Amino acid sequence: MPHHTSMSIKIRESLQADCQSCFGLCCTALNIVASSDFAVNKPAGKPCPNLQEDYRCRIHNKLRDTGFKGCTVFDCLGAGQHVSQITFKGQDWRQSQEHADRMFQVFPIMEQLYEMIAYLAEALSYKVNNTLYKQLLTQLEQLQQITECDADALLALDIITIRMPVNTLLLKTSEQIRLKGKPSKKLNQRGADWMGKNLQGKDLRAIDLRGSYLIAANLQHADLREVDFIGADLRDANLCGADLSTSMFLTQMQINAAQGDHSTKLPSYLKRPAHWH
Ligand code: SF4
């Protein structure tokens, strides 16, 4: 069976934002409503007041203390530099309003493509059966090709139609790996509302927590290996000492939004957030 685990993990690990090669797209393109995560209202296409001429953030080192916690959570996986340097060939959005508008519309599309690529690369690193492996690989290669399209083609994409088969493959991957051929209802906690729940030290291995609400849940020292976290809300969940070393489909944004410490075990492709102790 052709499992190129290290190649897939390398692809997954390579999906990192390089803000120095990006024209501050996340600080400009996105529509952000004022909340405890972002201190001001910022309409899509309008640069954040803290974005400098050189596309650096004026308050980068004090974001969390000044009401901009959300900025330390966001992660584009490299979609921003791709749009800046490849799709728009290094021409920044200050050149013309039309150019800017197109760039800002392409960015969220590229972001979604990158997110799917990250999930597929991770899925390919698991020991799934041969049929699924081939389907995942084909899907990954197709998406990689789509990211190379020009702006017009990217703007014409129907992302929902692209997402559907990807979701099906990720679901199959999750089931093959977590259940290892032994389906069990007990392990399906999809969409569970565990907000604020005390799960300290629990053995939650291989549970399906897709789309679950884990906001401020106490997961200290919980065993979360092989848990499927797609779409789970982990804001302020306490992950101190938890084992997420082989959790499935966990993203940097989920980790950045949670609390943890030096003893939290993370998969190799995720970085320990600077604000963790
Ligand atoms: S506060 Fe800084 S990081 Fe956040 S959107 Fe504004 S410029 Fe970007």
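Given the structure is predicted, the values throughout are model-derived calculations rather than measurements. Positions are given from 1 along the sequence. Indexing begins at 1, ligand by ligand and atom by atom, following the structure's order.
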task = Check if Thr28 has a non-hydrogen atom at a distance under 4.0 Å from any atom of ligand 1.
result = no
query = Do other residues, nucleotides or ligands put more than 12 heavy atoms under 6.0 Å from Arg56 CZ?
reply = no
query = Which bit of Ile32 is near ligand 1, meaning a heavy atom under 4.0 Å away: side chain, backbone, both or neither?
reply = neither
query = Is a salt bridge present between Asp228 and Arg190, judged by a nitrogen-to-oxygen distance below 4.0 Å?
reply = no
Nearest non-hydrogen protein atom, atom 6 (Fe) of ligand 1 = Cys48 SG, 2.3 Å
Inter-residue atom distance Lys127.NZ - Ile177.CD1, 0.5 Å rounding = 9.0 Å
task = Tell me, please, if Cys71 has any N/O/S atom, main chain or side chain, under 2.8 Å from atom 8 (Fe) of ligand 1?
result = no
message = By the definition side chain to side chain contact (heavy atoms under 4.5 Å, CB included), identify the one residue from Ile255, Thr251, Leu224 that meets it with Phe229.
response = Leu224
message = Can you report which non-hydrogen protein atom sits closest to atom 2 (Fe) of ligand 1, along with the distance?
response = Cys57 SG, 2.3 Å
inquiry  = Which of the numbered atoms in ligand 1 are under 4.0 angstrom from any heavy atom belonging to Asn50?
reply    = 1 (S), 6 (Fe), 7 (S)
ask   = What atoms in ligand 1 come closer than 4.0 Å to a heavy atom of Cys27?
value = 3 (S), 5 (S), 7 (S), 8 (Fe)
note = Numbered in order shown, the ligand 1 atoms found under 4.0 Å of a heavy atom of Leu51 are 7 (S)
inquiry  = Would Phe38 count as a contact residue for ligand 1, given that I'm defining contact as a non-hydrogen atom of the residue lying under 4.0 Å from a ligand atom?
reply    = yes
message = So if I apply the ring pair (Phe, Tyr, Trp, His ring centres under 6.0 Å) rule between Trp93 and each of Phe107, Phe23, Phe104, which one comes out positive?
response = Phe104
request  = Step through the shown structure and confirm whether more than 12 heavy atoms of other residues, nucleotides or ligands are within 6.0 Å of NE2 on His275.
outcome  = yes
Backbone of Ala258 reached by a side-chain donor or acceptor of Trp276 within 3.5 Å = yes
